[in-house]
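Take a look at the structure set out below.
Just so it is clear, the model here is predicted, and its values are computed rather than measured. Just so it is clear: chains get the letters A, B, ... in the order the sequence lines come, proteins before strands, and each one is counted from 1.
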There are 2 protein chains.
Amino acid sequence: MISYKDKKVITIGIVHELTGLSERKIRYYEERGLLFPERSKRGTRKYSFSDIELLMKIADLREDGVQTTEIKRDMIREKRKKDIRSEMLQGQLNAHFNRRP
Amino acid sequence: MISYKDKKVITIGIVHELTGLSERKIRYYEERGLLFPERSKRGTRKYSFSDIELLMKIADLREDGVQTTEIKRDMIREKRKKDIRSEMLQGQLNAHFNRRP
DNA sequence: CGTGTAAGGAATTCTGACACG
DNA sequence: CGTGTAAGGAATTCTGACACG
């Protein structure tokens, strides 16, 4: 289920090229818990294409004056909804095929 | 038709991490015309996931003693075949729908 | 709170070259 | 031919801090 889109391989300089965001901003949004780049052996941050898309969304929201705390809250809400939907789907599949989960 | 797989965004250090090939080898295969990374503004090489897959194939062939010249020749042959196939397909489509290309 | 900037160090990348085989 | 390595410079990245608002 994880493809190229989620592989963390892009350095912060390239992310800056791709998004136009300053490295300061990119690091700050991480500090606020909005995204989680991996680290290479020597400690440099590595981002995925998904991270880049997320950063663009964050940039849009920030332009509208939305604070990072609110952005984080919304992200958590959305994730919860998504988790519930996949739980329900899984439950229905179980009911049909397993009888006993 | 171009997706994340072909976007050139990965620095040589990460390519080395991912493939296990030395930077020397990676640059040399480029010198021999086997792959074509892009350059960032400041001149650092940028590779795609496709490039990484290609590098793994090259590494396998090199292990079998195949020279870079032969590898290049084979790659050109394959590309030609592929081009011909898509030309033929295009021709058939034209014949069916256009009558006159 | 969100972002810029100067600071200093450590790690990265680049090129051209010499070495060996 | 294919690859390692030492060399020197330029660019990158990192962290912690101060500034402003």
Inset, instruction - For B/Thr68 and for A/Thr11, find the nucleotide of DNA chain D with the closest heavy atom, then tell me which residue's nucleotide is more 5'. - result: B/Thr68
Inset, instruction - Find the distance A/Ile26:CD1 to C/dT5:P and express it as a whole number of Å. - result: 15 Å
Legend entry - Where DNA chain C forms stems, i.e. three or more consecutive Watson-Crick or G-U pairs with both distances under 3.5 Å: C:2-5 with D:17-20, C:17-20 with D:2-5
Inset, instruction - Tell me yes or no: between the side chains of B/Asp6 and B/Ser50, is some donor less than 3.5 Å from an acceptor? - result: yes
Inset, instruction - Would you indicate which nucleotide in D/dG4, C/dT13, D/dT3 comes nearest to any side-chain atom of B/Arg27? - result: C/dT13
Inset, instruction - Report the residue (A/Arg24 or A/Ile12) whose heavy-atom-nearest nucleotide on DNA chain D is the more 5′ of the two. - result: A/Ile12
Inset, instruction - Can you establish whether the number of heavy atoms outside B/Lys7 located under 6.0 Å from its atom NZ is more than 12? - result: no
Legend entry - Nucleic acid contacts - residues 30-58 of chain A versus DNA chain C, non-hydrogen atoms under 4.0 Å: A/Arg32, A/Arg42
Legend entry - A/Glu23 CD to D/dT12 C1', straight-line distance once rounded to whole Å: 8 Å
Legend entry - Nearest-angstrom distance from the residue atom CD1 of A/Ile14 to C1' of D/dA11: 12 Å
Legend entry - Residue from A/Glu31, A/Glu30, A/Glu38 passing salt bridge (charged side-chain N to carboxylate O under 4.0 Å, His left out) with A/Arg45: A/Glu30
Legend entry - Length of the line joining B/His16:NE2 and D/dG4:C1', which is rounded to integer Å: 13 Å
Inset, instruction - May I ask you to say whether A/Asp74 pairs ionically with A/Arg77, meaning some side-chain N is under 4.0 Å from a carboxylate O? - result: yes
Inset, instruction - For residues B/Arg32 and B/Lys72, report the shortest heavy-atom separation together with the two atoms involved. - result: O-CD, 3.6 Å
